[in-house]
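Just below is one structure, and these are the notes that go with it.
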Amino acid sequence: MKRVLTYGTFDLLHWGHINLLKRAKDLGDHLTVAISTDDFNRIKDKKAYHSYENRKMILESIRYVDKVIPENDWDQKIQDVIDNKIDVFVMGDDWKGKFDFLKEYCEVIYLPRTVGISTSQIKEDLLEVRNG
Ligand code: C2G
């Protein structure tokens, strides 16, 4: 059983997120997603539209996702890798290099981000529609 782990806020879930989750799952047999709590989003200076509970429920309904755990701070990744017996850590390549310290514990893979979609772009586009 090859176990994969990834992290994110996954707010206003879109096809870029799904592309990431699908490719992450394809790297193993079991995918755990650590989803940022509302408090941690404040630390990341992100304001999610959906609450942690609702973002968690949405992620748990995705066929590629086997387990969802909370991401409370920047420093939990090594423990998460150990506790969940992770073989592969995956992130989009906007994070390239940032988590190489995990290479002591598991494989670290940065996947190309999906171009043309982002949660902030969705918010900007909707604002434009509303403001005309
Ligand atoms: N992503 C992607 N393509 C996009 C948008 C996002 O591949 N068009 C990927 C990101 O690279 C990330 C994942 O989807 O791997 C989740 O993106 P976010 O919810 O924006 O996550 P982020 O705020 O980057 O949180 O400790 C790590 C952080 O929690 C990552």
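We count ligands from 1, going down the list as the structure has it; atoms in each ligand are counted the same way. Only a predicted model underlies this, so the values are computations on that prediction, with no experimental measurement involved. We use all heavy atoms of the structure for the numbers below, so side chains are in, but hydrogens, waters and symmetry mates are not.
- Close approach of ligand 1 to Ser36 is summarised as follows: ligand atoms under 4.0 Å from at least one heavy atom of the residue are 29 (O).
- One hydrophobic cluster, built from ILVMFWY side chains closer than 4.5 Å, cannot hold both Leu27 and Trp95; they sit in different ones.
- Ligand 1 has a nitrogen or oxygen under 3.5 angstrom from a nitrogen or oxygen of Trp95.
- What sits closest to atom 9 (C) of ligand 1 on the protein, heavy atoms only, is Leu20 CG, 3.9 Å.
- Between atom 10 (C) of ligand 1 and the options Thr6, Asp94, Asp45, the minimum heavy-atom separation is to Asp94.
- Among protein heavy atoms, the minimum distance from atom 28 (C) of ligand 1 is reached at Lys44 NZ, 3.5 Å.
- Nearest heavy-atom pair across Asp80 and Ile86 is O-CG1, 4.1 Å.
- Following chains of ILVMFWY side-chain contacts shorter than 4.5 Å, one cannot reach Trp15 starting from Leu59, and the two form parts of different hydrophobic clusters.
- Grouping the Ile, Leu, Val, Met, Phe, Trp and Tyr side chains by contacts below 4.5 angstrom, directly or via other members, places Val65 with Val88.
- Contact atoms of ligand 1 toward Phe10: 16 (C), 19 (O) (distance under 4.0 Å to a heavy atom of the residue).
- Taking only nitrogen or oxygen atoms, main chain and side chain alike, Asp11 does not reach within less than 3.5 Å of ligand 1.
- Under a cutoff of 6.0 Å and an axis angle of 45°, Lys77 and Phe89 do not form a cation-pi pair.
- For the pair Asp39 and Arg42, the salt-bridge criterion is met [side-chain N within less than 4.0 Å of a carboxylate O].
- The shortest N or O to N or O distance between Phe99 and ligand 1 is not below 3.5 Å.
- The N/O atoms of Gly92, backbone and side chain alike, include one that comes under 3.5 Å of an N/O atom in ligand 1.
- When all heavy atoms are compared, the tightest approach of Pro70 to Gln76 is O-NE2, 3.0 Å.
- Ligand 1 has no N or O atom lying under 3.5 Å from any N or O atom of Ser118, backbone or side chain.
- At least one N or O atom of Lys77, backbone or side chain, sits closer than 3.5 Å to an N or O atom of ligand 1.
- Protein heavy atom nearest atom 2 (C) of ligand 1, with residue, atom name and distance: Arg113 CG, 3.7 Å.
- Here Lys47 does not pair with Asp11 in a salt bridge; the nearest charged N to carboxylate O distance is not below 4.0 Å.
- A side-chain donor from one of Ser36 and Lys44 sits under 3.5 Å from a side-chain acceptor of the other.
- Listed by atom number, the atoms of ligand 1 under 4.0 Å from Ile117 heavy atoms are 4 (C), 8 (N).
- Taking atom 3 (N) of ligand 1 as the reference point, the nearest protein heavy-atom neighbour is Thr114 N, 3.1 Å.
- Under the 3.5 Å distance criterion, with hydrogens and angles disregarded, no donor-acceptor pair is assigned to the side chains of Asn54 and Tyr49.
- With distances taken over non-hydrogen atoms, the option nearest atom 18 (P) of ligand 1 out of Arg23, Met91, Lys46, Glu71 is Lys46.
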